[in-house]
Amino acid sequence: MLFFKSFPNAVRLSAVLALLLFRSPDTSGQTAAASSTNPAQWAAEMRAFARQDSLAPPPKRPILFYGSSSLRKWTTLQQDFPGLPVLNRGFGGSRFPDALYFFDPVVLGYEPRQVVIYEGDNDIGAGASAQEVYASFLEFERRMRQHKPLRRVPLVFLAIKPSPLRWALYPKVQEANRLIRTYIEAHPQYLRFVDTVTPLLGPGGKPRPELYESDSLHLNSAGYKVWTQILAPYLRR
């Protein structure tokens, strides 16, 4: 990765992606769930990021939003957080192993001032256990502290949301959130846990349908307004 530091971000991202997408995935240190993912399926989206960077340079030291489609579909991010250098790099229906696979070109490559991550939702939807999601989060945090530019960069974890479509999986979601929250609260220096769950639940303890799209999985504009209010105090200026 150091070789690419001398190039503009778009060139660096394209070059590293080319290396990543044509190599065999390295699953060492990851859980068994990692081997079931196919990072190459996100190649077009990664190339689109590089193209966006070449046409409109991203903000320097951005607040990087990284993770799955619950971030990708947050299309009002810049309007919701005016004056903040937010950069949306949510992609596809990614899982934690995908986020780990593209860690160097995306997370390390953008040199963020803060990282906001949303993963785990699709992992559990695909059969991963709460412990596997927790292990993936620990690996992600380990990689941030492994690299000097990211060592003191705050990492914000958005709690895995409940959804009507995956309501049967909610006990797993709760356990994964509990494990990650417990770890974060024991290591608060550069970590924050944001409870995006409670405001999405109604009086009966089930997801409020008016906050979700017709697929009963993703948030609609009203749902993202809820997330905006919750997250705003945690973002770094």
Side-chain angles (χ1 to χ4, degrees), residues 7-14 16-17 42-94 96 98-99 102-122 140 144 149-150 152-161 163 190-197 199-200 208 210-215 217-237:
F7 292 91
N9 185 272
V11 177
R12 189 164 68 236
L13 180 58
S14 298
V16 180
L17 287 174
W42 313 123
E45 290 189 63
M46 291 295 161
R47 285 193 294 267
F49 290 155
R51 178 168 173 75
Q52 289 171 26
D53 292 347
S54 68
L55 296 174
K60 292 183 178 179
R61 300 192 64 243
I63 300 172
L64 178 66
F65 283 69
Y66 186 52
S68 65
S69 55
S70 287
L71 293 186
R72 174 177 57 82
K73 295 170 76 68
W74 198 343
T75 57
T76 59
L77 202 62
Q78 290 181 320
Q79 299 97 296
D80 292 340
F81 301 108
L84 293 179
V86 296
L87 180 65
N88 194 334
R89 287 298 177 260
F91 62 102
S94 65
F96 249 126
D98 301 311
F102 292 109
F103 183 94
D104 279 14
V106 181
V107 183
L108 185 59
Y110 284 112
E111 300 179 349
R113 71 180 65 191
Q114 186 175 33
V115 176
V116 178
I117 188 165
Y118 183 82
E119 287 288 12
D121 198 335
N122 294 320
F140 191 93
M144 286 196 62
L150 300 176
R152 297 182 179 180
V153 169
L155 173 61
V156 176
F157 180 78
L158 299 182
I160 305 167
K161 72 181 188 304
S163 63
Y190 300 115
L191 296 174
R192 293 293 182 270
F193 180 94
V194 179
D195 177 12
T196 57
V197 173
L200 299 178
R208 296 162 57 191
E210 71 273 17
L211 300 179
Y212 295 81
E213 291 186 355
S214 58
D215 64 5
L217 176 62
H218 296 100
L219 298 176
N220 59 22
S221 59
Y224 283 118
K225 284 181 181 178
V226 172
W227 272 21
T228 299
Q229 294 171 353
I230 299 164
L231 180 58
Y234 293 87
L235 298 185
R236 186 174 187 180
R237 295 188 175 273

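Between Tyr118 and Trp74, the ring centre distance reaches or exceeds 6.0 Å.
In this structure, CG on Leu71 lies 11.0 Å from OH on Tyr66, to the nearest 0.5 angstrom. Put simply, CD on Glu210 and CG on Leu200 are 10.0 Å apart, with the number rounded to the nearest 0.5 Å. A distance of 9.0 Å separates CG of Leu158 from CD1 of Ile117, quoted to the nearest 0.5 Å. Interatomic distance, OH of Tyr224 versus OG1 of Thr75, reported as 8.0 Å (0.5 Å rounding). Put simply, CG on Leu219 and OH on Tyr212 are 6.0 Å apart, with the number rounded to the nearest 0.5 Å. Of the inter-residue distances, the one linking Ser70 atom OG with Ile160 atom CD1 reads 10.5 Å to the nearest 0.5 angstrom.
Side-chain atoms of Ser68 do not come within 3.5 Å of backbone N or O of Glu119 as any donor-acceptor pair. Without hydrogens or angle criteria, Gln114 side chain to Tyr234 main chain gives a donor-acceptor distance under 3.5 Å. Panel note: side chain Arg113, backbone Arg61; a donor-acceptor pair is recorded below 3.5 Å.
Across every non-hydrogen atom of Leu64 and Val107, the tightest pair is CD2-CA, 3.8 Å. The heavy-atom pair separating Leu217 from Ser163 by the smallest distance is CD1-OG, 3.6 Å. The minimum heavy-atom distance linking Ser69 with His218 is given by the pair OG-NE2, 2.8 Å. Of all the heavy atoms in Leu150 and Pro112, the pair that sits closest is CD2-CD, 3.8 Å. In terms of heavy atoms, Leu77 sits closest to Leu87 at CD2-C, 4.5 Å. Scanning all heavy atoms of the two residues, the minimum distance from Met144 to Val115 falls at CE-CG2, 3.9 Å.
In this structure, Phe157 and Leu191 have side chains that are not in contact, with every pair of non-hydrogen atoms separated by 4.5 Å or more. You'll find the side chain of Phe91 stays beyond 4.5 Å of the side chain of Val106, heavy atoms only.
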Candidate pair Arg89 and Tyr110, rule side-chain contact (heavy atoms from CB on, under 4.5 Å), full reasoning: CA-CA 10 Å; Arg89 287 298 177 260; Tyr110 284 112; 2.9 Å; yes
Kindly indicate, with the supporting measurements, whether the criterion side-chain contact (heavy atoms from CB on, under 4.5 Å) is fulfilled by Leu231 and Asp80. CA-CA 10 Å; Leu231 180 58; Asp80 292 340; over 6 Å; no
Evaluate the criterion side-chain contact (heavy atoms from CB on, under 4.5 Å) for residue pair Phe81 and Ile63; output intermediate values, then yes/no. CA-CA 11 Å; Phe81 301 108; Ile63 300 172; over 6 Å; no
Mind running side-chain contact (heavy atoms from CB on, under 4.5 Å) on Asp121 and Lys161 for me, showing each step along the way? CA-CA 7 Å; Asp121 198 335; Lys161 72 181 188 304; 2.7 Å; yes
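The environment of CD in Gln78 is sparse: at most 12 heavy-atom neighbours from other residues, nucleotides or ligands sit within 6.0 Å.
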